[in-house]
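Small disclaimer: the values here were computed from a predicted structure and weren't measured. Read the numbers this way: they start at 1 and go in the same order the structure lists the ligands and their atoms.
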Amino acid sequence: MSNEKKVRAYTNIALIKYWGKRDDQLILPTSSSLSLTLDAFYTETSVSFDDSLEKDAFYLNETVQDEAATQKVSRFLNLFREQSGMKAPAIIKSTNYVPTAAGLASSASGMAALAGAANLATGLNLSPQELSIFARQGSGSATRSIYGGFVEWQKGTSSSDSYAVKVDDANWDIGMVVVVVNKKQKELSSREGMKLTVATSPFYQGWIDSTAVDLVNIKNAINDRDFEQIGAITESNGMKMHGTMLGANPPISYWEPDSVLAMQLVRQLRKKGIPCYFTMDAGPNVKVLCRLSDSEKIKTAFLDYFNEDQLIISGPGSDLKEITL
Ligand code: ADP
Ligand code: DP6
Ligand code: CO
């Protein structure tokens, strides 16, 4: 279709992590989180309702998806159907310019782009704040992918006030070098991993308490543009999240040997005077927060141990946007 409207949403990497839900259905988090949106990784999605269809059809990367994947998308679209009165089935076409389910936040860009495309197709004309609330119900991290720059997901008191707000455009010298250790799909989804952690980790309350302090401190550091402070808090918060996972029963670890290697390299570069800090999500890949102006230097140092195609430099991404073909 030549007039088909697509929506592009960028992934985001949390500096202050979301790891646990207080409401599984509505996806309300146990704590607030804060991320940096990345321009190198994104999803583009279109939704078109069509009465002649029998049921929803979901294409990801030009491949028709199975029943389970389609149902997940259908359930999400039903939220838009309920609100708009639209009843027809839809064709959903999506392309991930990010590895799917590999710990590179495809659920963030994927669900945010789907929310944006459903908003267009239903004509609901939702505000960014409302869109953030909808995206949240697809995947928690998607709440934040409505906006570019540094974004906070405020945990709120209920569904209506658990949404993202932009903290800073990040239009300054900041970026990430993403070290793709392994882009295969993970065995344990973020959803299952965090559920098990909340239910069984004795460290969980410590995580809740300290992440609240980290959030206040990182917002001050962002306000002051104190990069080293932002980085130090990011690295510490990510490690604490992985600490809660190690305390789960059975224990959870997403790390691979090359993840540890990448973390060691970051520490070495820091000793040599290059300010850079790592964070990891529910997967083996390592994200190195740095000055964008230092990113080539950092990439070159990593090339001694990793291949060129495993190292992706990204600047800050922008708000979700409509793309007309
Ligand atoms: P990731 O680390 O990539 O975010 P998750 O386990 O959190 O991994 O989420 C992966 C899930 O996100 C997929 O199984 C799928 O349900 C959803 N997802 C990923 N990309 C898309 C997309 N483009 N459109 C809709 N849903 C998507
Ligand atoms: C480690 O948003 O993928 O990346 O809400 O169940 O879909 P669901 O999980 P998801 O979890 C992201 C976890 C994280 C940290 C973060 O992005 O804040
Ligand atoms: Co995810």
Judged by heavy atoms only, the candidate from Met194, Arg144, Arg136 nearest atom 9 (O) of ligand 2 is Met194

So is [X] polar-close to ligand 1, meaning N/O to N/O under 3.5 Å?
{"X": "Pro99", "answer": "no"}
{"X": "Asn96", "answer": "yes"}
{"X": "Ser106", "answer": "yes"}

Less than 4.0 Å is my threshold; does some heavy atom of [X] fall inside it relative to ligand 1?
{"X": "Gly103", "value": "yes"}
{"X": "Gly283", "value": "no"}
{"X": "Phe76", "value": "no"}
{"X": "Ala102", "value": "yes"}

Which of the numbered atoms in ligand 1 are below 4.0 angstrom from a heavy atom of [X]?
{"X": "Lys186", "answer": "1 (P), 2 (O), 5 (P), 6 (O), 8 (O)"}
{"X": "Ser94", "answer": "22 (C), 23 (N), 24 (N)"}
{"X": "Ser189", "answer": "6 (O)"}
{"X": "Leu60", "answer": "23 (N)"}

Linking directly or through intermediates, with side-chain heavy atoms under 4.5 Å: list the remaining ILVMFWY members grouped with Tyr97, chain and number order. Tyr10, Tyr42

With a heavy-atom distance limit of 4.0 Å, tell me whether Ser190 approaches ligand 2 through its side chain, its backbone, both, or neither. side chain

How far is atom 26 (N) of ligand 1 from the closest protein heavy atom, and which atom is that? Met111 CE, 3.7 Å

What are the protein N, O or S atoms, given as residue plus atom name, that sit under 2.8 Å from the Co ion (ligand 3)? Ser107 OG

Are Tyr18 and Trp153 an aromatic pair, judged by ring center distance below 6.0 Å? yes

